[in-house]
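Here's the structure, in structure tokens; my notes come after.
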Protein chains: 2
Amino acid sequence: MSAKSGRGGHHPTMDQVAAAAGVSRATVSRVINNAASVAPGIRDAVQRAITQTGYVPNVAARSLVTRRSDSVALVISEPDRPDDHSFLNRIFTDPYFGRVTAGATGALRPHDVHLVVVPTDADDHHQVVRYLRQGHVDGVLLISSSEHDPLPAQVHALGIPAVLASRPSGPLPVSYVDVDQRHGARLAAEHLLARGCRSLATISGPLDIPAGADRLDGFRAVAGAPVPAEIGDFTRVGGETAAHRLLDQHPGLDGLFVASDLMAEGALRALQDRGRRVPDDVAVIGFDDSSAALECRPPLTTVRQPVEEMAAEMAQLLIAHIHTPGRSPRSVIFQPTLVIRDSA
Amino acid sequence: MSAKSGRGGHHPTMDQVAAAAGVSRATVSRVINNAASVAPGIRDAVQRAITQTGYVPNVAARSLVTRRSDSVALVISEPDRPDDHSFLNRIFTDPYFGRVTAGATGALRPHDVHLVVVPTDADDHHQVVRYLRQGHVDGVLLISSSEHDPLPAQVHALGIPAVLASRPSGPLPVSYVDVDQRHGARLAAEHLLARGCRSLATISGPLDIPAGADRLDGFRAVAGAPVPAEIGDFTRVGGETAAHRLLDQHPGLDGLFVASDLMAEGALRALQDRGRRVPDDVAVIGFDDSSAALECRPPLTTVRQPVEEMAAEMAQLLIAHIHTPGRSPRSVIFQPTLVIRDSA
DNA sequence: TTGTAAGCGTTATCAG
DNA sequence: CTGATAACGCTTACAA
């Protein structure tokens, strides 16, 4: 009612709401955090005052005392890329990251925690580490793409709750979610063999990241150790050039496992350039079952990874860690499945 | 030296640093915010104490008093998409957003402000608005993709500093950065005409977003109003299906302007499927000059938009607005250029 | 140049 | 069930 509380500029304070509702600030706080005991009548009055004044809690003041910010970061780290910002091109070009974001967002929403995406390369590692240390977020979902990435260890050392999107390269007592990479690659090899392919080959991901090495291992375990392999970088053009190298050296290959759908799309183009028909001349299997698989011509047979569910699981684990500080690390492994379309 | 300040758990407080350095907390604060007057000796001692204790300012406490968080959000809003999370697939599949992120990050770094990416659709508009109101960030770089998106107006109403990535649909006193869309489209039309094309057509973006409508207008201004146009959605498959429709109705077309490189990539595929050779049978020009243009076969002639520079400019404007609250809105328009490759 | 002390807007612990 | 009243960790006049 006072002149002062009437306007309140752009950001009414809790005291102003309290005044408007004729209660104490403590009661307003209780209503907002819907604490058990507040008389229904009072509660309504406070709610009214809140909407009337357009009150929004000041997050700084709140988290100063609660030590929580109700938001978590999805950090996408790519330390090895060239010094320019080309890593951002990869991130915003590969459907994988969108799927992770979608899965995490969905799982976080019911908990009322915000998700912010933070891409980073070696250049701003420090900036990001500082961001995390400063307490902007309560925890981290971390996608790291190199075994030389110091970030996972740093985050762990910082003691900030974290969940990795894949098995850590080194031994690190941290929770993570992953798919059974080897098994997925085996499925691909078996399918190719069952299809009658005689000369198998593969385009792997970078070998310094577990997903790259594991998919290669798994494929070789079934296809035979000496199968030709070229290393790609999980990009479309990377897949394309790798396929060309492969075809140069092994013109007779008739079955190809590519460690990601995006690379497979590139490989398909190389195959087409060389006049090989898919799947008649060479059968191709991808990995991920991302939107890229459906954009392939022909539609790509691929190893499906339930990325959205995996990301949701990551979010759940992270929430648990945030909620229970001492909680011991846990890892959950999803099983991949083969999705058969037209390329193999 | 005391037992208490010796360990200090994971988060030493400023008082502990002060104690370690034998000064008052105020002095530590001055050193951290490198205020003018601190004796060199003292300053060093404090610096030592800081690194020794591993001190990091508590952002909540700090921003409670400064009212700044030293971080801004890049909000990517796509309100019209289907109810699932497919909008995230678009965002993480179109190189444009990576370029914006790169440009903004680069411009923000010298100011020591963090950038967080926040994708949002209609489902979590509220969540995002709350995030912004709560004061997690000092300002917003906003990419909005529909004239029906309420976010720009909401953000403006909230009074939080903001810069849009394109001309707002309605009249809104807010700063923005844009490229001269019409001019870019004109460049494309002129080039096609100069090349001798007789039957032009275009695949536009959604008409409810300025970039979509403006590029169409500009093209028609030069190519002639009745040129056939099909509407795409800025995705590759959208471009592909639009091209098919166009070819069904106008089999004789020999010059095609596609309002984005990604759509052009799809159009190229449609052209190839129908046995049209590019550029011999039909010349194709894209828009953006993104990485997609180089992945096209043949490499795409396209209207270049200096997205990174534009994003950097956005960041500068935002910093200015944050620094000077009352500052009046400003818009800066970049000029597009034609990049000639092999498709036209 | 440095220290003292008063907040910043919440939550949370007490009494009442 | 509600209301005072301490913190929370930092910045910033104001004094010294």
Side-chain angles (χ1 to χ4, degrees), chain A residues 4-5 8-47 49-50 53-71 112 130 133-136 138, chain B residues 4-5 8-47 49-50 53-71 112 130 133-136 138:
Chain A
K4 195 166 187 182
S5 62
H10 269 323
H11 289 262
T13 179
M14 191 178 266
D15 280 311
Q16 303 183 23
V17 177
V23 300
S24 80
R25 182 180 48 196
T27 298
V28 175
S29 177
R30 291 191 187 99
V31 171
I32 285 176
N33 302 286
N34 47 53
S37 54
V38 177
I42 301 272
R43 180 180 295 274
D44 288 356
V46 172
Q47 292 288 18
I50 289 177
T53 57
Y55 170 75
V56 172
N58 176 316
V59 74
R62 175 195 294 227
S63 74
L64 178 55
V65 36
T66 61
R67 297 173 166 298
R68 291 182 307 96
S69 65
D70 290 316
S71 55
D112 265 304
R130 210 184 51 192
R133 295 192 65 184
Q134 285 179 333
H136 284 102
D138 301 331
Chain B
K4 197 166 186 182
S5 62
H10 270 320
H11 290 263
T13 178
M14 191 179 267
D15 280 311
Q16 304 183 22
V17 177
V23 300
S24 80
R25 182 179 52 200
T27 298
V28 176
S29 176
R30 292 192 186 98
V31 171
I32 285 176
N33 302 289
N34 47 52
S37 54
V38 176
I42 301 270
R43 182 181 293 275
D44 288 356
V46 172
Q47 291 288 17
I50 289 177
T53 56
Y55 172 74
V56 172
N58 177 315
V59 73
R62 173 196 296 232
S63 75
L64 178 55
V65 36
T66 63
R67 296 173 167 298
R68 291 183 306 96
S69 64
D70 289 315
S71 55
D112 265 305
R130 210 183 51 193
R133 296 191 65 183
Q134 286 179 333
H136 284 100
D138 300 331

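Throughout, protein chains are lettered first and strands after them, A, B, ... in sequence-line order, and every chain is numbered starting at 1. What you see below is based on every heavy atom in this structure, not just the backbone, and it leaves out hydrogens, waters and symmetry mates.
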Practice item. Identify which nucleotide among dT1(C), dT2(D), dG3(C) has an atom closest to any side-chain atom of A39(A), counting heavy atoms from C-beta outward. Key: dT2(D)

Practice item. Would you indicate, yes or no, if dT11(C) has its OP1 or OP2 atom less than 4.0 angstrom from a side-chain nitrogen or oxygen of T66(A)? Key: no

Check your understanding: Taking the side chain of R25(A) as heavy atoms from C-beta outward, which of dT13(C), dT11(C), dT12(D) is closest to it?
Key -> dT11(C)

**Study point:** S63(A) side chain near dC8(D) phosphate (N/O to OP1/OP2, under 4.0 Å)
**Key:** no

Exercise for review: Mind checking the CZ-CD1 spacing from R43(B) to I32(B)? Nearest 0.5 Å is all I need.
Suggested key: 11.0 Å

Exercise for review: For V23(B), answer base if it contacts any base atom (sugar-phosphate contacts may also be present), sugar-phosphate if it contacts only those atoms, and nothing otherwise; contact means non-hydrogen atoms under 4.0 Å.
Suggested key: sugar-phosphate

Review point. Under 4.0 Å: is that the gap between some side-chain N or O of N33(A) and OP1 or OP2 of dT11(C)?
Key: yes

Check your understanding: NA contact type, I32(B), heavy-atom cut-off 4.0 Å: base, sugar-phosphate, or nothing?
Key -> nothing

**Study point:** Cationic N near anionic O, under 4.0 Å, D112(B) to R130(A)
**Key:** yes

Check your understanding: Checking T27(A) side chain against V23(A) main chain: does a donor-acceptor pair fall under 3.5 Å?
Key -> no

Review point. Quick one: is dT2(C) close enough that its OP1 or OP2 comes under 4.0 Å of any side-chain N or O from T27(B)?
Key: no

**Study point:** Sugar-phosphate, base or nothing in reach of R67(B), heavy atoms under 4.0 Å
**Key:** sugar-phosphate

Review point. Within the structure, does a side-chain N or O atom of R62(A) lie under 4.0 Å from either OP1 or OP2 of dG9(C)?
Key: no

